[in-house]
Amino acid sequence: MRAEDVCRNLRALRRRKGYTQRQLAELSQLSVSSIEAYEEGKRLPLFGPMQRLCQALKVSPQELEQNWQQEIDPLERISEQIKQRLFAQ
């Protein structure tokens with residue numbers, strides 16, 4: 001499992017479902033700060049939180065972990081590319 005994939009996928013799936021971070025936090029019974037940390041790659045969800053996130057998003061853990069770069073929102077992909085170039089210098 002690549003941390004970047006989980007973080008990117010979590011944000012993309014949340015947005016695709018139309019949830020705010022607060023709504024996902026409520027649905028998964030996690031804190032908003034946890035959702036933010038997962039999406040920013042500061043932390044990875046452990047087994048329990050991962051299960052709750054998957055239930056809230058109605059996806060399997062494998063779907064959350066897999067690298068499906070081609071399905072990520074184009075603006076999200078551009079944002080990631082800009083970050084990589086800025087921090088690569």
Q51: side-chain contact (heavy atoms from CB on, under 4.5 Å) partners, not counting sequence neighbours: F47, P61

All side-chain hydrogen bond (donor to acceptor under 3.5 Å, both in side chains) counterparts of S33, not counting sequence neighbours: S31

Set of residues satisfying side-chain contact (heavy atoms from CB on, under 4.5 Å) with respect to Q23, sequence neighbours excluded: Y19, T20

Y38 versus L30, closest heavy-atom pair with distance: CE1-CD1, 4.2 Å

Any residue meeting side-chain hydrogen bond (donor to acceptor under 3.5 Å, both in side chains) with Q21, in chain and number order, not counting sequence neighbours: E39

Residue pairs fulfilling salt bridge (Lys or Arg N to Asp or Glu O under 4.0 Å) with at least one residue in residues 42-58, sequence neighbours excluded: E40-K42

Distance (rounded to the nearest 0.5 Å) between M50 CE and S60 OG: 10.0 Å

Distance-minimising heavy-atom pair for V32 and R22: CG2-CA, 3.8 Å

Distance in Å, N9 CG paired with E63 CD, rounded so as to fall on 0.5 Å steps: 9.5 Å

Test side-chain contact (heavy atoms from CB on, under 4.5 Å) applied to V59 and L13, L10, L53, the passing residue: L13

Distance-minimising heavy-atom pair for L24 and R14: CD2-CD, 3.9 Å

Interatomic spacing from CD in E26 to CD1 in I35 - rounded to 0.5 Å: 10.5 Å

